[in-house]
Amino acid sequence: MRVSISVQEAKKIQREMLDRVDVGRPLSDEDVRMVGGVDVSYLKGVEKMFAAVCVFKFPEMELVECKTGSSKVTFPYVPGYLAFREAPAILAVINKIKSKPDLILVDGHGVAHPRGIGIASHLGVLLNIPTIGVAKSLLVGEYAEPSCEVGASSPIVYDQKEVGAALRTRKGVKVVFVSPGHGVDLDSAVRLTLACCLGYRLPEPVRRAHRLANEARVSYQKKHALRYGGTLGS
DNA sequence: GCGACAG
DNA sequence: ATCTTGTCGC
C-alpha cells in the first residue's frame, strides 16, 4: 500500500493532539439525545476497508440513521496507531449522516492507550464530539475480573492511573473494555455504555455498525466476484 | 534483547 | 481484522 505517513510522524501527531483530549467532564443522560456507533471491516487481500456509522435516539435506542462507505487502506495495522488506519474512513461516513450525534461509541480504546490517545480519543478531538472507546481486548493496563452480573465493572489501571473499566455488559460473557475517548469522564462513559446495551455483549451502536460494515464488505465481494482476496470470474 | 500488542 | 466448519449451550 501507499503509506500516508510514517509511524514516527503519527507519534508526533498524537503528542500534539494529546493536550486537547478531555476526560474530566461528566456527561449526563440528558446531555445525550442521539448516540452513534462506528466500526470498520476489511477485505483480505485488497487494500480496501468498509466503514459504517449507526445513529440511535437515546435513551430509547431506536435506530435513526446509518451510512456506509469504502476507502483505500493507507496505513498498516500497528498497535497503538489504529486511528491512522481507520479514522479517515470513519470520518468519511460520519460526514454522510444528516443527524448530529451527541456521543459516539468507537470500536477500540480511548485513553486506555500507551500514549493516552487511542482511536476513540483521536476521533473525539477531530470531531469535537464526546466519544467513548469500547474494545473487545486489552491494549495496555491491568484489571481484576468483575463479577458475572450485568453492570459489574473493575478499573483498568495503567501507569498508576485509572484509564478505563472492564465492564460486564451481559451476564456470563467476556467483559468489554471501556475508556473515555474525549469530552466525557470514566464514570459517565461506563454508565452511558451500559445504557446502550440491549442484551448483547457490544453496545447496540457499535454492534450494528459492525454488522453493517460487514454487509458492505460482503456486497462489495459479491459485486466484484471476489474470493480469497483474488478475483474469480470476470 | 524479550515479550506484548485495539482492529 | 479476515477465512473457515462444526459444535456447544440457553
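Proteins come first, then strands; the chains are lettered A, B, ... in the order of their sequence lines, and each starts at number 1.
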### Summary
Whole-Å distance, A:Glu47 CD to C:dT2 P, equals 16 Å
### Message
How many whole angstroms separate atom CD1 of A:Ile156 from atom C1' of B:dA4?
### Response
16 Å
### Task
Mark yes or no for whether A:Arg115, through its side chain, and A:Gly80, through its backbone, hold a donor-acceptor pair below 3.5 Å.
yes
### Query
When we call it a touch if two heavy atoms are under 4.0 Å apart, what does A:Tyr77 touch: a base, just sugar-phosphate, or nothing?
base
### Query
Separation of A:Leu123 atom CG from B:dA6 atom P, in whole Å?
18 Å
### Query
For C:dA1, does OP1 or OP2 lie under 4.0 Å from any side-chain N or O of A:Asn214?
no
### Task
Determine: side-chain N/O of A:Arg217 to OP1/OP2 of C:dC3, distance under 4.0 Å, yes or no.
yes
### Task
In whole angstrom, give the distance that lies between atom CE of A:Met49 and atom P of B:dA6.
18 Å
### Candidate nucleotides C:dA1, B:dA6, C:dC3, ranked by approach to the side chain of A:His210 - the nearest
C:dA1
### Message
What's the separation between atom CD in A:Glu65 and atom SG in A:Cys54, rounded to the nearest 0.5 Å?
### Response
9.5 Å
### Nucleotide nearest A:Lys44 (side chain, heavy atoms from C-beta), chosen from C:dA1, C:dC3, B:dG7
C:dC3
### Query
Rounded to whole angstroms, how far apart are OH on A:Tyr143 and P on B:dA6?
13 Å
### Message
Once rounded to the nearest 0.5 Å, what's the spacing between atom CD of A:Glu62 and atom CZ of A:Phe56?
### Response
10.5 Å
### Summary
To the nearest angstrom, the CG-P distance between A:Asp107 and C:dA1 comes to 7 Å
### Task
Scan A:Ile119 against the nucleic acid and name what it touches under 4.0 Å (heavy atoms): base, sugar-phosphate only, or nothing.
base
### Task
Kindly say if A:Arg85 contacts the phosphate of B:dG7, meaning a side-chain N or O under 4.0 Å from OP1 or OP2.
no
### Message
Check this one for me: any side-chain N or O of A:Ser137 less than 4.0 Å away from OP1 or OP2 of B:dC5?
### Response
no
### Message
Any side-chain to backbone donor/acceptor pair from A:Arg168 onto A:Pro146? Under 3.5 Å, distance only.
### Response
yes
### Query
Quick one: does A:Asp22's side chain have a donor or acceptor within less than 3.5 Å of a partner on A:His182's backbone?
no
### Summary
When rounded to whole Å, the CG to P distance for the pair A:Leu202 and C:dA1 reads 9 Å
### Query
A:Phe50 CZ to C:dA1 P: how many Å, rounded?
16 Å
### Task
Measure from the side-chain heavy atoms of A:Pro79 and tell me the nearest of C:dT2, B:dC5, C:dC3.
B:dC5
### Task
Mind checking A:Gly133 for me? I need base, sugar-phosphate or nothing, with any heavy atom below 4.0 Å counting as a touch.
nothing
### Query
Has A:Lys136 got a side-chain N or O lying under 4.0 Å from the OP1 or OP2 atom of B:dG7?
yes
### Task
Just call it for A:Phe84: base, sugar-phosphate, or nothing, with non-hydrogen atoms closer than 4.0 Å on any strand.
nothing
